[in-house]
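For reference, positions follow the sequence shown, starting with 1.
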Amino acid sequence: MTGRIELEMTMKTKNDLEKNHCRYYKIAGITIQVHSDLPITDKTFHPKFRLFEVQEPGKDNISLRHHFYLPDLNEKDLGEEVYRRTPWAIYRKNGSWIYVGISDNKRNNRIHQVAVFNHDHTRPVIYNSEDRAFRRGGLHSLTLFPTDQILLARILADKKGCCLHSSGVIFDGKGLLFVGHSEAGKSTMVKMLKDKAKILCDDRMIVRRWEDGFRIHGTWSHGEVPDVSPASAPLKAILFLHKDGENRLVQHNSKRDAVSKLLPCLVKPLVTADWWEKTLALVEMIVGEVPCYSLCFDKTGRVEDVLKSL
C-alpha cells in the first residue's frame, strides 16, 4: 500500500511539473501547445495571450517546444539552402525545415536562434541562445520569433486559411474585414467602431474556410489598438480601405480586380510552390464567395451608416 501511495505521489509530482512547463493557446480553431525547459508562469507571455489560453489540446494541434541552448551546427550538413534574408537562413533536408537566425551585420556571424520544423510545420523545436528574455517575461510571441505570423501563415495554407494585413470587427453579428497595408486606416477604422462593434484585432486577421463558409478570426498580433479577441464570425464583406473626404462603398464586380487587391495584403511566410498554389486557390475561393468593396471613408465616424447598408 505504501509503495502504491508513493507511486501516486510521484505521478502527481510529475504531472504538476509537466503542467508548469506547458501551456495551451487557441487561435482560429488551432491549439498551440507550448512546452518549455523552463517553467511557464502567468507572466511569461504578454497578458494579451490570456484571452487565447485554453486548458487542454483540441482537435487541431501544433506542438511547440523551447530549449535554451543552441545546437552545434559546425560542419553539420543542414541540407539545401532555400532562403536567406535577415533574420533567417532556411534549409530543407529530408522533409524537414531548419531555420537559422542570422544577423544583418556581416561582421557578426553569431546565431541567435535555431528552429527545426517537420514537413508541415506542426511540430517546431526551437533552440534559443539564452533564457533572459524568457525569464523576464512579457513576451509578445509564443515562438519567441519577432512574430508568430512566421509559423501561422505557413500552417494555415494546409487548413484552408490565410493571414492578412487587415483589421476585423463583429458588426451586428457579422464579420467585417478591413484590408490594407500600413497607414491605410485599419486602426483608425476600429477606433471609430470601438463602441459599435466587437474588435477582433486592428492589424492582422485570419480568414479560414469552414463547412458553413468563410469566417474571420481575431489574432494577438495587434497594432496601435491593443484590443484583441479570439472570437470569430461569418465573413460578410471584405473592405479595401481608402481615406477620402466622404463615406461610400464601391463594389468590386471583377473577381480578378479583387484578387489583385487581396494578394499584396497576404502575410507571407517562407514562400514555396505548394504554399502559393494552395493560397492562390484559397484567395480565388474567398473573392468568389465573399462580396468585396472599396470603402472610402473620412474621419467623422459616420462610416457606421455606410456599413449598416451591407
Side-chain angles (χ1 to χ4, degrees), residues 25-30 46-54 148-149 152 156 161-210 212-252 258 261-262 265-267 286-287 289-310:
Y25 302 89
K26 192 171 185 178
I27 183 171
I30 302 166
H46 189 277
K48 64 185 178 181
F49 286 102
R50 292 175 192 163
L51 296 170
F52 297 82
E53 189 169 357
V54 293
D148 289 325
Q149 298 165 52
L152 289 170
L156 279 167
C162 62
C163 191
L164 288 161
H165 293 271
S166 57
S167 59
V169 301
I170 301 176
F171 185 78
D172 287 341
K174 302 294 191 296
L176 300 181
L177 192 70
F178 305 102
V179 180
H181 282 291
S182 298
E183 307 303 322
K186 300 188 299 296
S187 297
T188 300
M189 186 58 60
V190 299
K191 288 176 184 176
M192 290 194 293
L193 296 174
K194 189 168 185 176
D195 297 326
K196 307 172 182 69
K198 181 177 181 61
I199 297 174
L200 301 180
C201 189
D202 77 329
D203 200 48
R204 298 290 188 276
M205 291 288 297
I206 289 173
V207 175
R208 191 174 176 190
R209 184 68 160 80
W210 297 91
D212 58 350
F214 283 100
R215 298 182 69 89
I216 56 171
H217 300 265
T219 78
W220 47 72
S221 299
H222 66 79
E224 294 177 31
V225 182
D227 302 48
V228 294
S229 171
S232 72
L235 179 53
K236 175 68 175 178
I238 295 172
L239 304 143
F240 300 103
L241 295 175
H242 299 278
K243 295 176 181 177
D244 204 331
E246 60 178 333
N247 298 294
R248 58 192 173 91
L249 280 173
V250 179
Q251 186 164 7
H252 291 276
K261 287 181 175 295
L262 201 57
C265 294
L266 284 170
V267 175
I286 292 173
V287 301
E289 296 184 19
V290 181
C292 298
Y293 303 84
S294 285
L295 174 60
C296 301
F297 68 97
D298 59 26
K299 293 186 178 182
T300 62
R302 296 181 184 138
V303 70
E304 177 191 3
D305 297 331
V306 175
L307 296 178
K308 284 182 177 179
S309 69
L310 290 171

Working to the nearest 0.5 angstrom, can you tell me the gap between [X] [atom1] and [Y] [atom2]?
X	Y	atom1	atom2	result
Leu176	Met205	CG	CE	10.0 Å
Leu241	Thr188	CG	OG1	9.0 Å
Met189	Leu307	CE	CG	6.5 Å
Leu152	His217	CG	NE2	12.0 Å
Leu177	Ser166	CG	OG	4.0 Å

Can you confirm whether Arg208 sits close enough to Ile30 that some side-chain heavy atom of one is under 4.5 Å from a side-chain heavy atom of the other?
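SC-SC contact between Arg208 and Ile30 confirmed.
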In the structure I gave you, are the side-chain heavy atoms of Tyr293 and Leu310 within less than 4.5 Å of one another anywhere?
yes
Which pairs, with at least one residue in residues 167-188 and sequence neighbours excluded, count as a salt bridge (charged side-chain N to carboxylate O under 4.0 Å, His left out)?
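The answer is Lys186-Asp203.
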Who passes ring pair (Phe, Tyr, Trp, His ring centres under 6.0 Å) against Phe52, sequence neighbours left out?
Trp220
Considering all heavy atoms of both residues, which atom of [X] and which atom of [Y] are nearest to each other, and what is their separation?
X	Y	answer
Gln251	Pro291	NE2-CB, 4.2 Å
Ile27	Gly218	CG1-O, 3.8 Å
Cys201	Val190	O-CG1, 4.3 Å
His242	Ser294	NE2-OG, 3.5 Å
Ile286	Cys162	CD1-SG, 4.2 Å
Val169	Ala197	CB-CB, 3.9 Å

Looking at residues at least two apart in the chain, or sitting in another chain, which of them share a side-chain hydrogen bond (donor to acceptor under 3.5 Å, both in side chains) with [X]?
X	answer
Lys261	none
Glu289	Arg209
Arg248	Asp244, Glu246
Asn247	Asp298

Quick check: does any side chain N or O of Asp202 sit under 3.5 Å from a backbone N or O of His222, one acting as donor and the other as acceptor?
no
Determine the sole option in Ile206, Val207, Ile216 for which the side-chain contact (heavy atoms from CB on, under 4.5 Å) test with Leu164 is passed.
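Among Ile206, Val207, Ile216, the one meeting side-chain contact (heavy atoms from CB on, under 4.5 Å) with Leu164 is Val207.
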In a check of side-chain contact (heavy atoms from CB on, under 4.5 Å) between Ile170 and each of Leu200, Ile199, Leu193, which one passes?
Leu200
If you count heavy atoms of other groups shown closer than 6.0 angstrom to NZ of Lys243, is the number above 12?
yes
Using distance only, find each side-chain donor-acceptor pair of residues 228-240 under 3.5 Å and give its atom names and separation, not counting sequence neighbours.
unit_1: Ser229; atom_1: OG; unit_2: Ala231; atom_2: N; d: 3.0
unit_1: Ser232; atom_1: OG; unit_2: Arg215; atom_2: NE; d: 3.2
unit_1: Ser232; atom_1: OG; unit_2: Arg215; atom_2: NH2; d: 3.2

Sequence neighbours excluded, the answer for side chain to side chain contact (heavy atoms under 4.5 Å, CB included) partners of Ser221 is Thr147, Gln149, Arg204, Thr219
Pairs touching residues 162-203 that satisfy ring-ring contact (aromatic ring centres under 6.0 Å, His included), sequence neighbours left out
His165-His181
For Lys194, check salt bridge (charged side-chain N to carboxylate O under 4.0 Å, His left out) against everything at least two apart and list the hits.
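For Lys194 the salt bridge (charged side-chain N to carboxylate O under 4.0 Å, His left out) partners, ignoring immediate neighbours, are Asp227.
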Once salt bridge (charged side-chain N to carboxylate O under 4.0 Å, His left out) is applied, do any residues pair with Lys191, and if so which ones, sequence neighbours excluded?
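Testing Lys191 for salt bridge (charged side-chain N to carboxylate O under 4.0 Å, His left out), a comparison that skips the adjacent residues, returns Glu224.
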